[in-house]
Number of protein chains: 2
Amino acid sequence: MESRTSAARTGRPRSVAADAAILAATREALVELGWSKLTLGDVATRAGVAKTTVYRRWAGKNELVVDAVAALFDELELPDRGSLAADIEGVVLQFAAILDRPEAKSGLMAVVAEATRDEALRERIRASIVDRQKRLVVEGRARAAQRGELPPETDPEAASRTADLIFDVVAGAVVHRTLVSAEPVDEDWARRFAAMLFGGLAATGT
Amino acid sequence: MESRTSAARTGRPRSVAADAAILAATREALVELGWSKLTLGDVATRAGVAKTTVYRRWAGKNELVVDAVAALFDELELPDRGSLAADIEGVVLQFAAILDRPEAKSGLMAVVAEATRDEALRERIRASIVDRQKRLVVEGRARAAQRGELPPETDPEAASRTADLIFDVVAGAVVHRTLVSAEPVDEDWARRFAAMLFGGLAATGT
DNA sequence: GCGCTTTCGCTACGAGTCGTAGCGTAACTG
DNA sequence: CAGTTACGCTACGACTCGTAGCGAAAGCGC
């Protein structure tokens, strides 16, 4: 059995450097031009590759921007800050820091908007961005149960639904605050949000 | 003193029917084509007007879609359902019903994305869509205080910040659930969300 | 080494959209 | 009726799109 990524083991291999250059050029173009004025021709020029090379690897602007933005979420982590409220506060600030970057601001909402009419794109976003975030919710929930702050999970199906709810609340609130209200997610806001969410979780016993 | 809207009281007046036809055609095109494939030329044809007429009234696609989508939010109300939790649940379901319509799905997030690089567009969205929603939060908060469910507001500045927080949480969660998670905001979800938010509000004494 | 295969950069192309200008006509005012 | 503005229509240059065709480059199996 050979290497797992053996779709084509013959011929000239695709330049991995080109991949990185194209994605970096995409983020750069997002910052300078924004989503609507970003063109694949311009990205190719910035990356130092031919336009055809970009089209060989990505189906279009949507897919390219998803991959370019997804890389920004690699840095998301959940350090143990001692309490559930503090953990929530920490992840909110981290998420907000990413969202505050202009390449994320411009690109993320645009592809989400496009995804409303494109099932495959929605799945791509889910796999490369959303799931990575959602894992933090599950981790934080388990940590809180271990500390005794919340009762341990019993029904796994209910636990999954609750995790989904929390995730939509956290991510949704941060996104809405940043992009729609256009107000900063500073430490004060994060503290008040975390207090409210923690209070709701404790009150409903989930 | 003459009529208040007297920018130009001479010459041929602008057809109000054309305004309505263009906005309706925009919503129709949003449903059929989505944001990215919507063109002003197509909208003009659907509305039965010349392309130049559209450009005389709107600066571009962004502004036109904001106005077309804003009309969808006219129906938002806050009937008294007896308790704060029930009120939250009601407004969540209403908001979700609007967001579930394809013309809102496709258009709203796209203009929000564009607004990240356009201050004037952000202000237009705020005035015609966001503020209308936010008023419901203030109203619901006051009603809850009247019922004795929450302590009355003392510091008006703190009250305003809390209203902003609640608004971002409610609207953000519904938008995220609908567009990113792509899961339905049904009665069960709304009930669990309202319970969590109400618990958080009661716990933090805001 | 040598052929086979795939990717590469480059150029060119038709199709489509953009936003504007110019024109004659329509609608309303004093 | 004269003045003013909106209207429908046509045409336009500039731009982007996504694809096709080419010769050269870069690995792989023999």
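In what follows, chains are A, B, ... by sequence order, proteins preceding strands, each numbered from 1. Bear in mind that the values here come from a model prediction, so they are computed numbers and not experimental data.
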Visitor: With a 4.0 Å cutoff (strictly under), does any side-chain N or O of A:Arg14 reach OP1 or OP2 of C:dT7?
Guide: yes
Visitor: Salt bridge check: are A:Arg147 and A:Asp80 linked by an N-O gap of less than 4.0 Å?
Guide: yes
Visitor: If you pin B:Gly11 and B:Ala50 to their nearest nucleotides in DNA chain D, which one's is more 5'?
Guide: B:Gly11
Visitor: Could you check how far OH of A:Tyr55 sits from C1' of C:dT11, rounded to whole Å?
Guide: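 Whole-Å distance recorded here is 16 Å.
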Visitor: Do the side chain of A:Arg12 and the base of C:dT7 come within less than 3.5 angstrom through a donor-acceptor pair of N or O atoms?
Guide: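 Side chain to base: pair found, below 3.5 Å.
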Visitor: Less than 3.5 Å between a donor and an acceptor, one on the side chain of A:Thr52 and one on the base of C:dC10, is that the case here?
Guide: yes
Visitor: Could you tell me how far apart B:Leu64 (CG) and C:dG19 (C1') are, to the nearest whole angstrom?
Guide: 15 Å
Visitor: For A:Leu38, is there any backbone N or O sitting under 3.5 Å from a side-chain donor or acceptor partner on A:Lys61?
Guide: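 Between the backbone of A:Leu38 and the side chain of A:Lys61 there is a qualifying donor-acceptor contact (under 3.5 Å).
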Visitor: Would you mind telling me which residue lines up with the more 5' stretch of DNA chain D, B:Thr53 or A:Leu40, judged by nearest nucleotide?
Guide: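 Closest to the 5' end, via its nearest nucleotide, is B:Thr53.
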Visitor: For the pair B:Glu153 and B:Arg141, find out whether any cationic side-chain nitrogen is under 4.0 Å from an anionic carboxylate oxygen.
Guide: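 B:Arg141 and B:Glu153: salt-bridged.
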Visitor: Could you tell me whether B:Arg122 and B:Asp118 have a side-chain N and a carboxylate O separated by less than 4.0 Å?
Guide: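 Looking at B:Arg122 and B:Asp118, the cut-off is not met.
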Visitor: Can you find an N or O donor on one side and an acceptor on the other, under 3.5 Å apart, linking the side chain of A:Lys51 with the base of C:dG9?
Guide: no
Visitor: Return the 5'-most residue of the pair B:Lys37, A:Ala18 with respect to DNA chain C, ranking by each residue's nearest nucleotide.
Guide: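 Closer to the 5' end of DNA chain C: A:Ala18.
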Visitor: Give the rounded distance in Å between these two atoms: CH2 of A:Trp58 and C1' of D:dC17.
Guide: 18 Å
Visitor: Within the modelled atom types, does a donor on one side and an acceptor on the other bring the side chain of B:Arg56 and the base of D:dA6 under 3.5 Å apart?
Guide: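 Check fails, no donor-acceptor contact within cut-off.
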